[in-house]
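Before any comments, here is the structure.
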Amino acid sequence: MSSSTDSPTLTTETTQLSPQPDTETAKPTKKITLKSSDNQIFEVEESVAMEFATVKSFFEDSPSSTDIVPLPNVTAKPLSQVIEFCKEQIKFKANPDEAQKKKYNAEFLTEKSDKDLVDMIPVANYLEIKDLLDVLNQAVADRIENKSVEYVRNFFGIDNDFTAEEEAALRREHAWAYEGVDED
Amino acid sequence: MDSTSQPLWSSLPSDLLFNIANILDTRIDLLSLRAVCNSWRSSLPLPPKAPLLKLPFPIDPNNPNLNSNRHGHFALIESFSFSLEPINRDPKRTWLIKIQESESGNVILKDPLARYPLAGLDHLPKVLNLLDYRVKEISKGYYVEFVEQGKAPYPSIFVNEMKSCISIKQVAVSSSFDKIGDDGFVVLVIYNGGKLALWRMGDEKWSTMNDILEGYVYDSVAYSNGKFFAIAVNGLTISIDPAKASFEIMEVAPAKPRSGFGHGDTFKYLVKWFSDLFLIEKYHEDLFYWSESDDEDDYHIKFKIYKMNDEVCDWVEMDGLKDVILFLGDACSFFVWAKDFAWWKGNCICFLDYLFMGSGSDGPGSEAGIFDFEDGISRRLSKFSSCSKLFWPPPSWLKHYS
């Protein structure tokens, strides 16, 4: 785990692979600074930050703001993954290629741990990134499909908090009693 | 917990949970999600059970075999095939069961390959609790059964009336029961030994397809990618579009030469898997198919499998099933990945046949055989002891409660 002293700033510049589709030349891309709840700073291009409806409305409400955008509900790790995803999506917006996009999304999700996925969902929800939320929900559903309750609990990192009485009520809902068995 | 700075899932708004719940396909998965913790149980409603759906009876009021004093309705019944595995144990053994929910809220355990209820339930715990096992829904099947009404005693049912008016050979439905609110819910059945009839939600009568398709005898029906498919004994395959008020019929694949010998005992099955439609042809290779061959364990029952190719609009024969297993039952057929049944054979078909009847043993699977694509030979399921255990007897790790 990288601590916040190692890399306080993660920028997006170095991974800009495809040329900007924007033909207006020499327009320096504006950067937006985001701050996670664990005080890490993320500098992202404006176009990426505008994918986050929450951030977008922050600027719509206060257009002149040049401050750092605080994201009190978001920790650094899922935020960095969400940024990574949105950067790619912007490329696909510029050059639509459904097959490539599908492929990228599938790879992005496959390499994530269960915990990564589970942690990204509230972030995508808070930042209101609908596309990401949809693919994350699907990925989670795929992973918990056909699994036992215990597995699903571990998957989400949730403890069994049922009291003995509630557990008994729960078990009744999950019981199959058969028709046609003779009563004693 | 290392995620203290991250909001805990159990305390998140229920919208996030609903989003995931909405994608889960099966009731069993929804039940599992609900059983995770207290707050999830209170936010997720209990998934609804299948409604009891009444269909009109009779399909053809002019059938001369129909007893005019016969009153009642057809009931559309949904059954589920599940695999059960012990939790936290090497799933060396899976138990395959089929259940149907009854009106009382209990379940009826059925033979996984056949349509009749299981006997010999005294071997089983009185209650199976789904929380004690890893339960996977493998497939859904539909049956249409006649429910007698009116004043008892009911008129006795003779063979001709049973065959032509009461017994429904196969059923396909246009969406699952949970989406039954849709007006477009349509049921396609094979009745009277091989005729087609359709019923749309809200209709008082069945629409029979006999005028248009006179003379054809149908073996199997399926619903795939928004359309119904039906295959006749001669291989003619048609599609019916349930979205069209007039049930538009199209020829999908032409009739084709029959496989194997003779006229009897060939049977075609349509089975859907993911978005593909498969045709499985079962036939006997030999005039004396009932005689046993040199090796007394071998039977002359053969299979061919085809996949529907939408581009050429015809069935394309496949070279076996490779890493897949097909279970071919009476109105409940389904594919599974061989890797999910690792202790079972891959590249094979498990099927019912009357040749396997009367083997001396009873219980599900006793009338089943396995066709192996590798050597092209059918054998009794009981010859493969690790495979037959999938059905019977019930596994020792089932939990008994006193």
Side-chain angles (χ1 to χ4, degrees), chain A residues 1 36-39 72-78 115 118-126 133-134 136-163 166-167 169-184, chain B residues 1-3 5-10 12-13 15-16 19-26 28-29 31-41 46 83 85 87-88 97 99-102 104-109 117-119 121-122 124 126-138 340:
Chain A
M1 286 288 116
S36 68
S37 66
D38 42 358
N39 294 320
N73 292 325
V74 176
T75 53
K77 188 169 185 219
K115 187 170 182 327
V118 165
D119 288 348
M120 265 191 283
I121 287 183
V123 175
N125 181 59
Y126 173 72
L133 199 54
D134 287 348
L136 287 173
N137 285 334
Q138 185 64 55
V140 166
D142 290 346
R143 290 194 192 184
I144 61 171
E145 182 183 77
N146 291 331
K147 298 294 195 294
S148 70
V149 176
E150 202 45 52
Y151 184 97
V152 180
R153 262 185 212 132
N154 288 333
F155 184 92
F156 287 99
I158 291 177
D159 292 330
N160 180 354
D161 62 352
F162 290 112
T163 64
E166 289 163 346
E167 181 95 31
L170 183 72
R171 290 185 66 83
R172 278 196 294 278
E173 287 169 14
H174 287 249
W176 279 340
Y178 331 115
E179 198 91 318
V181 179
D182 292 334
E183 298 295 330
D184 287 335
Chain B
M1 285 250 149
D2 63 331
S3 61
S5 53
Q6 204 60 40
L8 285 172
W9 258 88
S10 50
L12 281 170
D15 300 14
L16 293 192
N19 289 339
I20 294 169
N22 283 337
I23 307 175
L24 292 173
D25 288 328
T26 65
I28 195 84
D29 281 337
L31 282 174
S32 295
L33 201 61
R34 221 178 154 257
V36 162
C37 65
N38 225 324
S39 78
W40 287 20
R41 183 162 175 253
L46 203 58
S83 71
E85 286 168 8
I87 292 176
N88 300 332
I97 54 172
I99 66 139
Q100 172 190 319
E101 277 160 358
S102 77
S104 66
N106 290 347
V107 301
I108 301 168
L109 279 187
L118 284 190
L121 293 177
D122 14 327
L124 292 172
K126 286 209 146 87
V127 171
L128 273 182
N129 201 297
L130 307 187
L131 293 174
D132 294 334
Y133 314 101
R134 181 175 170 201
V135 185
K136 283 191 268 189
E137 184 184 309
I138 296 186
D340 293 341

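Just so it is clear, the structure is predicted and the values come from calculations on it, not from any experiment.
When each of B/I99, B/V127, B/V36 is checked for heavy-atom pairs under 4.5 Å with chain A, B/V36 comes out on top. When each of B/N38, B/L24, B/N19, B/L16 is checked for heavy-atom pairs under 4.5 Å with chain A, B/N38 comes out on top. With chain B as partner, the option from A/I144, A/V118, A/D134, A/L136 having the largest number of non-hydrogen pairs under 4.5 angstrom is A/V118. When A/N137, A/D142, A/T163, A/V140 are compared by the number of non-hydrogen pairs under 4.5 Å with chain B, A/N137 comes out ahead.
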B/R41/A/E166 under salt bridge (Lys or Arg N to Asp or Glu O under 4.0 Å): CA gap, chis, key distance, verdict: CA-CA 10 Å; B/R41 183 162 175 253; A/E166 289 163 346; over 6 Å; no
Side chain to side chain contact (heavy atoms under 4.5 Å, CB included) between A/R171 and B/D132, intermediate numbers included: CA-CA 9 Å; A/R171 290 185 66 83; B/D132 294 334; 2.9 Å; yes
A/Y178 and B/L118: CA distance, side-chain angles, deciding distance, side chain to side chain contact (heavy atoms under 4.5 Å, CB included) verdict: CA-CA 10 Å; A/Y178 331 115; B/L118 284 190; over 6 Å; no
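We find the CZ-CG distance between A/R172 and B/N129 to be 11.0 Å, quoted to the nearest 0.5 Å. The structure places CG of B/L33 at 11.0 Å from CZ of A/R153, a figure rounded to the nearest 0.5 Å. With values rounded to the nearest 0.5 angstrom, B/I23 atom CD1 is found 4.5 Å from A/Q138 atom CD. From B/L46, atom CG reaches atom CD of A/E173 across 5.0 Å, with rounding to the nearest 0.5 Å. The CG atom of B/L124 sits 12.0 Å away from the CH2 atom of A/W176 when rounded to the nearest 0.5 Å.
Both the backbone and the side chain of A/A169 come within contact range of chain B, each with at least one heavy atom under 4.5 Å from a heavy atom of that chain. Interface remark: B/I138 contributes no atoms to any contact with chain A (heavy atom separation under 4.5 Å). In this structure, the portions of B/L128 lying under 4.5 Å from any heavy atom of chain A include both its backbone and its side chain. Heavy atoms closer than 4.5 Å to chain A are found in the side chain of B/D29, but not in its backbone. Looking at B/L31, both its backbone and its side chain come within 4.5 Å of chain A, counting heavy atoms on both sides.
For A/S148 against B/Y133, the heavy-atom pair with the smallest separation is CB-O, 4.4 Å.
In this structure, the side chains of A/I121 and B/I20 come closer than 4.5 Å at one or more pairs of heavy atoms.
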